[in-house]
Amino acid sequence: GAGVSQTPSNKVTEKGKYVELRCDPISGHTALYWYRQSLGQGPEFLIYFQGTGAADDSGLPNDRFFAVRPEGSVSTLKIQRTERGDSAVYLCASSLMGGRNAYNEQFFGPGTRLTVL
Amino acid sequence: TQLLEQSPQFLSIQEGENLTVYCNSSSVFSSLQWYRQEPGEGPVLLVTVVTGGEVKKLKRLTFQFGDARKDSSLHITAAQPGDTGLYLCAGDPYSGAGSYQLTFGKGTKLSVIP
(Lines give C-alpha, C1' and ligand atoms only; values in the text may rest on other atoms or scores of the structure.)
Protein backbone atom coordinates (compact mmCIF):
# COMPACT_ATOMS: atom_id res chain seq x y z
CA GLY A 1 0.00 0.00 0.00
CA ALA A 2 0.91 3.65 -0.12
CA GLY A 3 1.56 4.03 3.59
CA VAL A 4 1.86 2.15 6.85
CA SER A 5 -1.42 0.58 7.89
CA GLN A 6 -2.43 -0.68 11.31
CA THR A 7 -5.32 -2.82 12.44
CA PRO A 8 -7.52 -2.57 14.33
CA SER A 9 -7.83 1.19 14.63
CA ASN A 10 -9.44 0.78 18.04
CA LYS A 11 -9.36 -2.12 20.49
CA VAL A 12 -11.24 -2.30 23.76
CA THR A 13 -10.45 -5.21 26.03
CA GLU A 14 -10.80 -6.26 29.62
CA LYS A 15 -8.03 -6.43 32.15
CA GLY A 16 -6.21 -9.76 31.96
CA LYS A 17 -7.06 -10.47 28.32
CA TYR A 18 -4.63 -11.07 25.44
CA VAL A 19 -4.47 -8.70 22.44
CA GLU A 20 -2.70 -8.63 19.10
CA LEU A 21 -2.03 -5.49 17.11
CA ARG A 22 -1.02 -5.67 13.47
CA CYS A 23 1.21 -3.47 11.35
CA ASP A 24 1.67 -3.51 7.56
CA PRO A 25 4.75 -1.44 6.68
CA ILE A 26 5.44 0.39 3.44
CA SER A 27 6.39 -2.13 0.76
CA GLY A 28 10.15 -2.52 0.52
CA HIS A 29 10.92 -1.02 3.93
CA THR A 30 13.22 -3.36 5.80
CA ALA A 31 13.10 -1.60 9.16
CA LEU A 32 9.99 -1.61 11.37
CA TYR A 33 9.44 0.08 14.72
CA TRP A 34 6.78 -0.03 17.40
CA TYR A 35 6.15 2.95 19.66
CA ARG A 36 3.61 3.62 22.39
CA GLN A 37 2.03 7.04 22.90
CA SER A 38 0.19 7.84 26.11
CA LEU A 39 -2.10 10.84 26.43
CA GLY A 40 -0.14 14.09 26.44
CA GLN A 41 3.16 12.38 25.70
CA GLY A 42 5.36 11.86 22.69
CA PRO A 43 5.81 8.35 21.28
CA GLU A 44 8.05 6.04 23.31
CA PHE A 45 10.14 3.39 21.60
CA LEU A 46 9.23 -0.26 22.18
CA ILE A 47 11.02 -2.45 19.63
CA TYR A 48 12.87 -2.29 16.32
CA PHE A 49 13.07 -4.97 13.61
CA GLN A 50 15.59 -5.14 10.82
CA GLY A 51 14.15 -7.76 8.50
CA THR A 52 12.77 -10.65 10.51
CA GLY A 53 14.85 -10.17 13.63
CA ALA A 54 14.28 -7.91 16.60
CA ALA A 55 17.45 -5.83 16.55
CA ASP A 56 16.52 -3.84 19.66
CA ASP A 57 13.73 -4.72 22.11
CA SER A 58 15.04 -2.57 24.95
CA GLY A 59 11.87 -0.47 25.06
CA LEU A 60 9.47 -3.31 25.84
CA PRO A 61 8.22 -2.54 29.35
CA ASN A 62 8.06 -6.16 30.59
CA ASP A 63 7.72 -9.75 29.46
CA ARG A 64 3.98 -9.38 28.84
CA PHE A 65 4.89 -7.59 25.62
CA PHE A 66 6.20 -9.47 22.60
CA ALA A 67 6.43 -8.71 18.89
CA VAL A 68 7.13 -10.80 15.80
CA ARG A 69 7.84 -10.19 12.14
CA PRO A 70 8.15 -13.72 10.73
CA GLU A 71 8.48 -12.88 7.03
CA GLY A 72 10.16 -9.52 7.29
CA SER A 73 7.05 -7.56 6.36
CA VAL A 74 3.93 -7.61 8.55
CA SER A 75 4.52 -7.36 12.29
CA THR A 76 2.30 -8.26 15.22
CA LEU A 77 2.62 -6.76 18.69
CA LYS A 78 1.26 -9.12 21.33
CA ILE A 79 0.28 -8.13 24.85
CA GLN A 80 -0.55 -10.78 27.42
CA ARG A 81 -2.55 -10.28 30.63
CA THR A 82 -3.36 -6.71 29.75
CA GLU A 83 -3.42 -4.09 32.48
CA ARG A 84 -5.20 -0.73 32.62
CA GLY A 85 -1.82 0.98 32.38
CA ASP A 86 -1.33 -0.56 28.93
CA SER A 87 -4.02 1.77 27.56
CA ALA A 88 -2.38 3.97 24.93
CA VAL A 89 -2.04 4.48 21.20
CA TYR A 90 0.36 1.95 19.71
CA LEU A 91 2.15 3.34 16.67
CA CYS A 92 4.04 1.45 14.03
CA ALA A 93 6.63 3.03 11.75
CA SER A 94 8.79 1.78 8.93
CA SER A 95 11.88 3.09 7.21
CA LEU A 96 13.71 2.13 4.07
CA MET A 97 16.90 0.86 5.58
CA GLY A 98 16.91 1.68 9.30
CA GLY A 99 20.40 3.05 8.98
CA ARG A 100 22.30 6.30 9.03
CA ASN A 101 22.23 6.44 5.21
CA ALA A 102 18.56 7.39 5.18
CA TYR A 103 18.89 9.56 8.29
CA ASN A 104 16.48 7.09 9.87
CA GLU A 105 13.44 8.78 8.36
CA GLN A 106 10.51 6.87 9.76
CA PHE A 107 6.99 6.86 8.36
CA PHE A 108 4.20 6.25 10.84
CA GLY A 109 0.88 4.50 10.64
CA PRO A 110 -2.32 5.93 12.16
CA GLY A 111 -1.96 3.82 15.30
CA THR A 112 -4.16 1.44 17.25
CA ARG A 113 -5.91 2.96 20.25
CA LEU A 114 -5.95 0.30 22.97
CA THR A 115 -8.28 0.71 25.92
CA VAL A 116 -8.06 -1.76 28.79
CA LEU A 117 -11.11 -1.65 31.06
CA THR B 1 18.32 8.29 28.97
CA GLN B 2 18.47 11.11 26.46
CA LEU B 3 15.59 13.54 26.91
CA LEU B 4 14.17 16.14 24.57
CA GLU B 5 12.37 19.04 26.22
CA GLN B 6 9.89 20.94 24.08
CA SER B 7 8.53 24.38 24.84
CA PRO B 8 6.01 25.76 25.08
CA GLN B 9 3.79 22.79 25.79
CA PHE B 10 0.69 24.66 24.55
CA LEU B 11 0.41 27.64 22.22
CA SER B 12 -2.71 29.41 21.03
CA ILE B 13 -2.31 32.25 18.55
CA GLN B 14 -4.32 34.26 16.05
CA GLU B 15 -4.11 33.59 12.34
CA GLY B 16 -1.32 35.63 10.76
CA GLU B 17 0.94 35.72 13.81
CA ASN B 18 4.47 34.31 13.91
CA LEU B 19 5.65 31.76 16.43
CA THR B 20 8.67 29.74 17.47
CA VAL B 21 8.77 26.43 19.30
CA TYR B 22 11.85 24.93 20.85
CA CYS B 23 13.37 21.51 21.33
CA ASN B 24 16.27 21.25 23.79
CA SER B 25 18.48 18.51 25.15
CA SER B 26 21.70 18.08 27.07
CA SER B 27 22.64 15.28 24.67
CA VAL B 28 24.04 15.35 21.17
CA PHE B 29 21.98 13.88 18.34
CA SER B 30 23.27 12.73 14.98
CA SER B 31 20.07 14.05 13.41
CA LEU B 32 16.83 15.57 14.54
CA GLN B 33 13.42 15.30 12.97
CA TRP B 34 10.27 17.38 13.27
CA TYR B 35 6.86 15.77 12.94
CA ARG B 36 3.32 17.10 12.98
CA GLN B 37 0.56 14.95 14.39
CA GLU B 38 -3.19 15.52 14.13
CA PRO B 39 -5.78 13.84 16.37
CA GLY B 40 -6.30 10.18 15.47
CA GLU B 41 -3.34 10.15 13.11
CA GLY B 42 0.27 9.09 13.31
CA PRO B 43 3.09 11.66 13.21
CA VAL B 44 3.94 12.97 9.74
CA LEU B 45 7.58 13.82 9.03
CA LEU B 46 8.17 17.49 8.17
CA VAL B 47 11.96 17.72 8.00
CA THR B 48 15.24 16.13 9.06
CA VAL B 49 18.22 18.26 10.10
CA VAL B 50 21.65 16.70 10.26
CA THR B 51 24.41 19.30 10.32
CA GLY B 52 25.07 21.62 13.27
CA GLY B 53 23.81 25.11 12.41
CA GLU B 54 21.73 23.83 9.51
CA VAL B 55 18.65 25.81 8.50
CA LYS B 56 15.90 24.31 6.37
CA LYS B 57 12.80 26.01 5.03
CA LEU B 58 9.51 24.39 4.12
CA LYS B 59 7.19 27.11 2.80
CA ARG B 60 6.33 29.18 5.92
CA LEU B 61 8.19 26.84 8.28
CA THR B 62 11.86 27.38 9.15
CA PHE B 63 13.79 24.74 11.04
CA GLN B 64 17.18 25.24 12.66
CA PHE B 65 19.56 22.74 14.23
CA GLY B 66 21.83 24.10 16.95
CA ASP B 67 25.55 24.34 16.32
CA ALA B 68 26.25 21.67 18.95
CA ARG B 69 23.43 19.42 17.64
CA LYS B 70 21.70 19.49 21.03
CA ASP B 71 18.75 21.73 20.23
CA SER B 72 16.46 22.83 17.45
CA SER B 73 13.76 25.37 16.74
CA LEU B 74 10.77 25.60 14.46
CA HIS B 75 9.58 29.03 13.35
CA ILE B 76 6.24 29.49 11.60
CA THR B 77 5.56 32.73 9.74
CA ALA B 78 2.00 34.01 9.30
CA ALA B 79 0.36 30.99 10.93
CA GLN B 80 -2.74 29.53 9.32
CA PRO B 81 -5.54 27.46 10.89
CA GLY B 82 -4.21 24.50 8.89
CA ASP B 83 -1.01 24.66 10.95
CA THR B 84 -2.96 23.52 14.01
CA GLY B 85 -1.62 20.29 15.44
CA LEU B 86 0.92 18.67 17.75
CA TYR B 87 4.52 19.40 16.75
CA LEU B 88 6.98 16.75 17.87
CA CYS B 89 10.74 16.79 17.70
CA ALA B 90 12.58 13.48 17.65
CA GLY B 91 16.29 12.81 17.93
CA ASP B 92 18.39 10.02 16.57
CA PRO B 93 20.88 9.47 19.39
CA TYR B 94 23.29 7.31 17.37
CA SER B 95 24.75 5.31 20.18
CA GLY B 96 26.79 3.41 17.63
CA ALA B 97 25.27 0.16 18.89
CA GLY B 98 23.07 -0.25 15.85
CA SER B 99 19.83 0.88 17.43
CA TYR B 100 17.85 3.36 15.40
CA GLN B 101 15.08 4.22 17.79
CA LEU B 102 13.97 7.82 17.93
CA THR B 103 13.70 9.75 21.18
CA PHE B 104 10.66 12.03 21.10
CA GLY B 105 9.80 15.15 23.03
CA LYS B 106 6.32 15.56 24.52
CA GLY B 107 5.35 17.98 21.78
CA THR B 108 3.95 21.47 21.43
CA LYS B 109 0.21 21.63 20.88
CA LEU B 110 -0.47 24.55 18.54
CA SER B 111 -3.88 26.08 17.96
CA VAL B 112 -4.25 28.76 15.30
CA ILE B 113 -7.48 30.68 15.69
CA PRO B 114 -9.08 32.09 12.53
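Labels below follow one simple rule: chain letters A, B, ... track the order of the sequence lines, proteins then strands, and each chain is numbered from 1.
Hydrophobic clustering, with ILVMFWY side chains joined whenever heavy atoms are under 4.5 angstrom apart, groups L61(B) together with L19(B). Both L58(B) and I76(B) are part of a single hydrophobic cluster, where members link through side-chain heavy atoms under 4.5 Å apart. Side-chain heavy atoms closer than 4.5 Å link hydrophobic residues (I, L, V, M, F, W, Y) into clusters, and following such links, possibly through other members, connects Y87(B) to F29(B). Cluster annotation: F107(A) is not connected to F49(A) through the hydrophobic network of ILVMFWY side chains, with a link wherever side-chain heavy atoms come within less than 4.5 Å. No continuous path of hydrophobic side-chain contacts links L60(A) to Y35(A) [ILVMFWY only; heavy atoms under 4.5 Å].
Proximity to chain B among residues 108-117 of chain A is limited to F108(A), G109(A), P110(A), judged by heavy-atom separations below 4.5 angstrom.
The CD atom of E41(B) lies 10.5 Å from the CG atom of L91(A); values are rounded to the nearest 0.5 Å. Distance check: L45(B) CG to Q106(A) CD gives 9.5 Å after rounding to the nearest 0.5 Å.
The number of heavy-atom neighbours closer than 6.0 Å to NZ of K56(B), taken from other residues, nucleotides and ligands shown, is above 12. By the 6.0 Å contact criterion, CZ on F66(A) is open, its count of non-hydrogen atoms from other residues, nucleotides or ligands being 12 or less.
A donor-acceptor contact shorter than 3.5 Å is absent between the side chain of Y33(A) and the backbone of L102(B).
Contacts between E44(A) and chain B at a heavy-atom distance below 4.5 Å are absent for every atom of the residue. Residue Q6(B): no heavy atom, backbone or side chain, is found under 4.5 Å from chain A.
Taking the six-membered ring for Trp, F45(A) and F104(B) have ring centres at least 6.0 Å apart.
Shown here for L88(B) and P43(A), the closest heavy-atom pair between the two residues is CD1-CD, 4.0 Å.
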